[in-house]
Amino acid sequence: MATLRVPHDVPPPNVDAEAIKAAFKGWGTDEKAIVAVLGYRNAGQRRQIRIAYEQLFEEDLVKRFESELSGHIERAVYRWILDPEDRDAVLAHVALRKPNEDFAVIVELSCIYSPEEFLAVRRAYQHRYKRSLEEDVAANTHDEFRKLLVGLVSAYRYNGQEIDARLAKSEAGILEKAIKEKTFHHEDVIRILTTRSKAQLIATFNSYKDANGISISKQLGQDRAANEFTEALRTVIRCINDPIKYYEKVVRNAIKKVGKSDEDALTRVVVTRAEKDLRLIKEAYHKRNSVTLDDAVSKETSGDYKHFILALLGN
C-alpha cells in the first residue's frame, strides 16, 4: 500500500540526471525541479539516476545535494536518494550519535522490518561505517538498555506464522510477573522480546490481554515509575504488535512539533514507508485525527520541504 506515484512514461535516467544538473545552475538551486523528478521515482529509478549523473558529470550526486541543499529539504532528499538499506543504516547511525540516543529508530528497524530487510541494513551499516551496528549500539548504550537493544539488533527472528499457544500463555505469565514485581529488566523479559518470532509475540501479547483485561503496552504505560527502559519496552511491543498504529502515533506527535523540532521524525516515516505501507498509515491518521495527513502536512510545513513530503504522500 505505497503512496509513491510513478508516471507511466518515466524519462531515461540520463534525462532525469540532466534535469537535476540544470536545477543546480544559476542563483540558488531550483528545488522545485528536483522535487518534480525525485518525488516521483522509485528506488530502482533513483539508483539509475545516481549512476547516470556520475557518468555524465563525473561527480557524486549525493555529495552535490549536500552542497546545494540545506535544512529539512536537504535531509529529506538525502535520505530519499540513497538505496533503502543504506538510508536506514544512516538513520541508525544518526540516532546513535544524538546526545540522548534515539532508541526508537533502532527499535523500529529491528522490530518492524523483516529479518531479511534488517539483515540488509546491518550489512549496509558495516559497509558504510566499517563497524557493526551491534558494536555501535553496545558502545552507545548502558546496562539493561544495552542488553535489550543489542539483543534486538543481533537477532534473526523466525519469520513464519506458526505459533505455540501453550508457550504464548506461559510467556505471557512471565511478562505479567515481571510487570507486577517491576523487574522489567529480567533476562527472561529481554529473551522473549528479542528472540521470539513476531507471530509468537503477538500471540503472547494477546494471551496477556485475555488474562489481564488490559494490553501489556497500556499496563506498562500506567507505571508511575516509568523510565527510559520501560518506554523502550513499550516501543518494542507496539512496533511488533501493530506497526501501522505505531507509525501513526510517530507522525501525529511529529506534526504537533513541526516548526519546533521534529521534522526529522516526519521525514523518517514518510521516506521509509512511501514505497511500503504509507497509504495505510495515512488511513490510520485520518481515522484517528479526523483530518487527512496531507492536509496536516500542508498546514504545518512550508516551502519545498512541504512540496517534497506531499509528493511522497501521493500528491
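- Although no hydrogens or angles enter the test, the distance criterion places no donor-acceptor pair under 3.5 Å between the side chain of Q48 and the main chain of Q45.
- The two residues P243 and N241 have their closest heavy-atom pair at CD-C, 4.0 Å.
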Just do the salt bridge (charged side-chain N to carboxylate O under 4.0 Å, His left out) check on E231 and R234 with the steps written out, would you? CA-CA 5 Å; E231 184 57 31; R234 289 190 71 207; 3.8 Å; yes
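- Two residues are said to be in side-chain contact when any heavy atoms from C-beta on lie closer than 4.5 Å; V153 and F118 meet this criterion.
- At least one donor-acceptor pair closer than 3.5 Å links the side chain of N42 to the backbone N or O of G44.
- Counting non-hydrogen atoms of other residues, nucleotides and ligands closer than 6.0 Å to NZ of K21 gives a total above 12.
- The shortest side-chain heavy-atom distance between Y156 and E116 falls under the 4.5 Å cut-off.
- Remark: of the listed residues D16, D83, D86, D83 is the sole one forming a salt bridge (Lys or Arg N to Asp or Glu O under 4.0 Å) with R47.
- When every heavy atom of D304 is checked against every heavy atom of V35, the shortest pair comes out as O-CG2, 4.1 Å.
- A salt bridge links D294 with K282: the distance from a Lys NZ or Arg NE/NH1/NH2 to an Asp or Glu carboxylate oxygen falls below 4.0 Å.
- Judged purely by atom type and a 3.5 angstrom limit, T204 has no side-chain atom pairing as donor or acceptor with the backbone of A172.
- By the 4.0 Å N-to-carboxylate-O rule, E108 lies too far from R273 to be salt-bridged with it.
- Under a 4.0 Å N-O distance rule, the pair E54/R50 does not qualify as a salt bridge.
- Salt bridge E181/K177: present, at least one basic N to carboxylate O contact under 4.0 Å.
- Salt-bridge formation is not detected for the pair E283/R279: no Lys NZ or Arg NE/NH1/NH2 atom is positioned less than 4.0 Å from an Asp or Glu carboxylate oxygen.
- With sequence neighbours excluded, the residues satisfying ring-ring contact (aromatic ring centres under 6.0 Å, His included) with F24 are F65.
- Salt-bridge formation is not detected for the pair R191/E187: no Lys NZ or Arg NE/NH1/NH2 atom is positioned less than 4.0 Å from an Asp or Glu carboxylate oxygen.
- Remark: K276 is positioned above the aromatic ring of Y113, its terminal NZ or CZ atom under 6.0 angstrom from the ring centre and at most 45 degrees off the axis.
- Using a cutoff of 4.0 Å between basic side-chain nitrogens and carboxylate oxygens, R122 and E134 are scored as salt-bridged.
- Counting only N and O atoms by type, the side chains of E85 and Y125 include no donor and acceptor under 3.5 Å apart.
- Tested against V107, the residues I240, L233, L152 include a single side-chain contact (heavy atoms from CB on, under 4.5 Å) partner, L152.
- A salt bridge does not link E263 to R75: none of the charged nitrogens lies less than 4.0 Å from a carboxylate oxygen.
- In plain terms, the two heavy atoms of F184 and I179 that are nearest each other are CE2-CA, 3.8 Å.
- Using the six-membered ring where Trp is involved, H72 and Y305 have ring planes that are tilted, between 30° and 60° apart.
- Taking 4.5 Å as the limit, every side-chain heavy atom of D60 sits out of range of all side-chain heavy atoms of Y53.
- Within the 4.5 Å cutoff, no side-chain heavy atoms of R123 are placed close to those of H127.
- In this structure a side-chain-to-backbone donor-acceptor pair under 3.5 Å is present from R46 to R41.
- Within a 6.0 Å radius of NZ in K63, no more than 12 heavy atoms belonging to other residues, nucleotides or ligands are found.
- Under a 3.5 Å cut-off, the side chain of D164 and the backbone N or O of R166 do form a donor-acceptor pair.
- Using modelled atom types, one side-chain atom of R5 and one backbone atom of N315 make a donor-acceptor pair closer than 3.5 Å.
- K198 places a side-chain N or O within 3.5 Å of a backbone atom of I112 that can act as its donor or acceptor partner.
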